[in-house]
Amino acid sequence: MKFAFIIDPLKGLDPAHDTSVALMESAQALGHEVWVTQTKYLNVVDSKAWAVLEQVKLTPVELVEGGWVKAPSWYEMGERILCPLEEMDAVFMRVDPPVNTSYLYATYILDYIDPTQTLVINSPRGLRAANEKMYALQFTKVIPETIVSSDKSVIRQFVEHKGAAIIKPLGGKAGEGVLFVQPKDPNFNSLIEISTAGGKTPVMVQTYLPEAKQGDKRIILLNGKPIGAVNRLPSGNEFRNNMAVGGKVAKTEITEKEHLICAKLAPKLREDGLVFVGIDVIGGYLTEINVTSPTGVREIDRLENTRLGHQVIEWVEAVRQVKGKKRR
């Protein structure tokens with residue numbers, strides 16, 4: 001089988017951390033061709049999605065004394081072709097946020113892949129529908145109390161009522177721009193003005209959950225089912241738990257309540273074609289649903305001695321086999 005990965009430039013990825021590389025390594029290990037491209041190399045020709053693709057050979061990371069170690073030259077680029085993406089068995093859209101105009105246009109191009117011929121993970125329609133902050137708002141019974149606003153007075157009223165809150169940019173990633181605010185903070189007005197671009201851009205404001213000090217759990221879902229989890233803990237004086245800002249990781253288990261959250265999400269995720277998803281849970285509350293390039297696989301594999309990437313690729317193999325039988 002042939003797998004295409006739409007990713008950020010390989011030279012900027014960290015194979016010891018990036019889930020995209022873990023998925024590519026698994027596809028290669030299971031005997032499949034791995035091809036890569038970027039959004040700028042996507043095209044529509046004769047009403048079909050095409051891409052400039054390069055085949056890649058990976059030298060897998062190795063686990064040494066509890067940490068992933070990469071080879072000095074961990075990838076080698078091969079043949080370069082221009083072809084319809086429908087020649088691939090599966091296409092993984094794994095570009096990091098922000099979901100800007102370029103990103104959205106890429107999803108429109110991916111709409112021109114026949115889903116009966118090629119799996120697209122995640123669905124371009126689902127990617128457009130699922131803002132990683134806003135998407136969780138439809139699951140009101142499992143999220144902390146939340147508002148979305150650019151109005152300073154509305155935000156202040158909410159924060160004063162709750163005593164403390166977390167402000168998140170709707171288009172952010174990896175904890176960028178996330179603020180902890182309290183009503184008596186002398187910088188409160190300035191923080192709101194900065195985060196909302198002077199009242200022009202809405203932000204998400206969530207009740208602060210003190211349980212965040214015990215960790216922010218990332219749970220990986222495959223076709224709506226949880227397959228692994230890792231707990232992210234703040235380090236130093238940092239209140240954010242994100243790995244990108246120095247958060248530490250620890251083994252964890254998926255609780256009964258978290259299984260119920262996953263079950264609550266599963267039908268909608270499947271409806272929207274969101275196959276590979278990472279959800280964030282704090283104190284038993286869902287806080288985010290990550291669909292663009294969810295990470296955490298390397299950390300879970302290291303702590304649990306698993307190969308979640310293999311599970312994902314094997315799921316694709318099974319789906320392709322069924323689709324192949326139907327076509328015949």
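Here the structure is a predicted model, which is why all the values come from computation and not from measurement.
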Exercise for the section: Show your reasoning for whether side chain to side chain contact (heavy atoms under 4.5 Å, CB included) applies to Gln157 and Ile155. Expected result: CA-CA 5 Å; Gln157 184 179 23; Ile155 296 172; over 6 Å; no
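- Ionic pairing of Arg320 and Asp89 is present here: one or more N-O contacts between side-chain nitrogen and carboxylate oxygen are shorter than 4.0 angstrom.
- By the rule that hydrophobic residues join a cluster once side-chain heavy atoms approach within less than 4.5 Å of another member, Val52 and Val45 end up as members of one cluster.
- Separation of atoms CG (Leu85) and CD1 (Ile113) is listed at 4.5 Å; rounding is to 0.5 Å.
- Each of Leu274 and Phe92 belongs to its own hydrophobic cluster when Ile, Leu, Val, Met, Phe, Trp and Tyr are linked at side-chain heavy-atom distances under 4.5 angstrom.
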Return a table of donor-acceptor pairs under 3.5 angstrom between the side chains of residues 137-148 and protein atoms on other chains or two or more places apart.
unit_1 : atom_1 : unit_2 : atom_2 : d
Gln138 : NE2    : Tyr135 : O      : 2.9
Glu145 : OE1    : Lys162 : NZ     : 2.4
Thr146 : OG1    : Pro144 : O      : 2.7

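- Pro226 places none of its side-chain heavy atoms less than 4.5 Å from the side chain of Glu258.
- The nearest pair of heavy atoms linking Glu176 to Pro169 is O-CG, 3.6 Å.
- With hydrogens and angles left out, the side-chain atoms of Asp151 and Ser153 include a donor and acceptor closer than 3.5 Å.
- Pairing each heavy atom of Ala4 with each of Met88, the nearest pair is CB-CG, 3.7 Å.
- Under a cut-off of 6.0 angstrom, the local environment of CE in Met134 is sparse, with at most 12 non-hydrogen atoms contributed by other residues, nucleotides or ligands.
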Practice task
Any chance you could lay out the salt bridge (charged side-chain N to carboxylate O under 4.0 Å, His left out) test for Glu299 and Arg302, step after step, and finish with the verdict?
Solution key: CA-CA 5 Å; Glu299 289 71 26; Arg302 175 172 62 81; 6.0 Å; no
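- Here the OG1-CG distance, from Thr207 to Leu209, works out to 7.0 Å after rounding to the nearest 0.5 Å.
- The cluster map of Ile, Leu, Val, Met, Phe, Trp and Tyr, joined by side-chain heavy atoms under 4.5 Å apart, puts Leu104 and Ile109 in the same cluster.
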Problem - Residues Thr116, Asp114; criterion side chain to side chain donor-acceptor pair (under 3.5 Å); working and verdict - result: CA-CA 5 Å; Thr116 67; Asp114 183 348; 2.7 Å; yes
Practice task
Test Lys70 against Glu62 for salt bridge (charged side-chain N to carboxylate O under 4.0 Å, His left out), laying out the working first.
Solution key: CA-CA 7 Å; Lys70 66 177 181 178; Glu62 295 183 354; over 6 Å; no
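- In terms of heavy atoms, Pro267 sits closest to Lys264 at CD-O, 3.6 Å.
- Counting non-hydrogen atoms of other residues, nucleotides and ligands closer than 6.0 Å to OH of Tyr75 gives a total above 12.
- Going from atom CG of Leu58 over to atom CD of Glu76 covers 10.0 Å, rounded to the nearest 0.5 Å.
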Practice task
For the pair Glu256 and His259, evaluate side chain to side chain contact (heavy atoms under 4.5 Å, CB included) and give the outcome as yes or no after the intermediate values.
Solution key: CA-CA 5 Å; Glu256 182 178 352; His259 275 290; 5.6 Å; no
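- Rounded to the nearest 0.5 Å, atoms CD1 (Ile192) and OG (Ser149) are 9.5 Å apart.
- Under a cut-off of 6.0 angstrom, the local environment of CG in Asn100 is crowded, with over 12 non-hydrogen atoms contributed by other residues, nucleotides or ligands.
- Taking 4.5 Å as the limit, every side-chain heavy atom of Pro84 sits out of range of all side-chain heavy atoms of Gln117.
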Handout entry: Test log, rule side chain to side chain contact (heavy atoms under 4.5 Å, CB included), inputs Met24 and Ile7
Key = CA-CA 11 Å; Met24 291 190 290; Ile7 54 174; 4.1 Å; yes
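- Counting only heavy atoms from C-beta outward, the side chains of Leu286 and Leu265 approach each other to under 4.5 Å.
- Ser26 and His310 get closest at one heavy-atom pair: OG-ND1, 2.9 Å.
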Exercise for the section: Assess whether side chain to side chain contact (heavy atoms under 4.5 Å, CB included) is satisfied between Ile167 and Val178, documenting all intermediate values. Expected result: CA-CA 6 Å; Ile167 294 179; Val178 175; over 6 Å; no
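- For the pair Lys152 and Phe188, the NZ or CZ position fails the cation-pi test of under 6.0 Å to the six-membered ring centre and within 45 degrees of the ring normal.
- Both tests do not hold together for Arg128 against Tyr108: distance to the six-membered ring centre under 6.0 Å, angle to the ring axis within 45°.
- Under the 4.5 Å side-chain heavy-atom criterion for grouping Ile, Leu, Val, Met, Phe, Trp and Tyr, Val291 is not connected to Ile220 through any hydrophobic cluster.
- With sequence neighbours excluded, the residues that form a salt bridge (Lys or Arg N to Asp or Glu O under 4.0 Å) with Glu160 are Arg156.
- Counting only N and O atoms by type, the side chains of Trp35 and Glu33 include a donor and acceptor under 3.5 Å apart.
- Taking 4.5 Å as the limit, every side-chain heavy atom of His17 sits out of range of all side-chain heavy atoms of Trp68.
- You'll find the side chain of Thr107 stays beyond 4.5 Å of the side chain of Asp111, heavy atoms only.
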Practice task
Decide salt bridge (charged side-chain N to carboxylate O under 4.0 Å, His left out) for Asp280 and Lys217; before the verdict, give the C-alpha distance in whole Å, the side-chain angles of both, and the deciding distance to 0.1 Å.
Solution key: CA-CA 6 Å; Asp280 296 338; Lys217 191 176 296 186; over 6 Å; no
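- Under a hydrophobic-cluster definition in which Ile, Leu, Val, Met, Phe, Trp and Tyr are linked whenever side-chain heavy atoms come within less than 4.5 Å, directly or via other members, Leu269 and Leu119 are assigned to different clusters.
- We find that Arg298 and Asp18 are not joined by a salt bridge, their nearest charged nitrogen and carboxylate oxygen being 4.0 Å or further apart.
- Side chains of Tyr208 and Gln206 form no contact here, defined as non-hydrogen atoms less than 4.5 Å apart.
- With respect to Arg80 and Glu54, a salt bridge is recorded, a charged nitrogen being found less than 4.0 Å from a carboxylate O.
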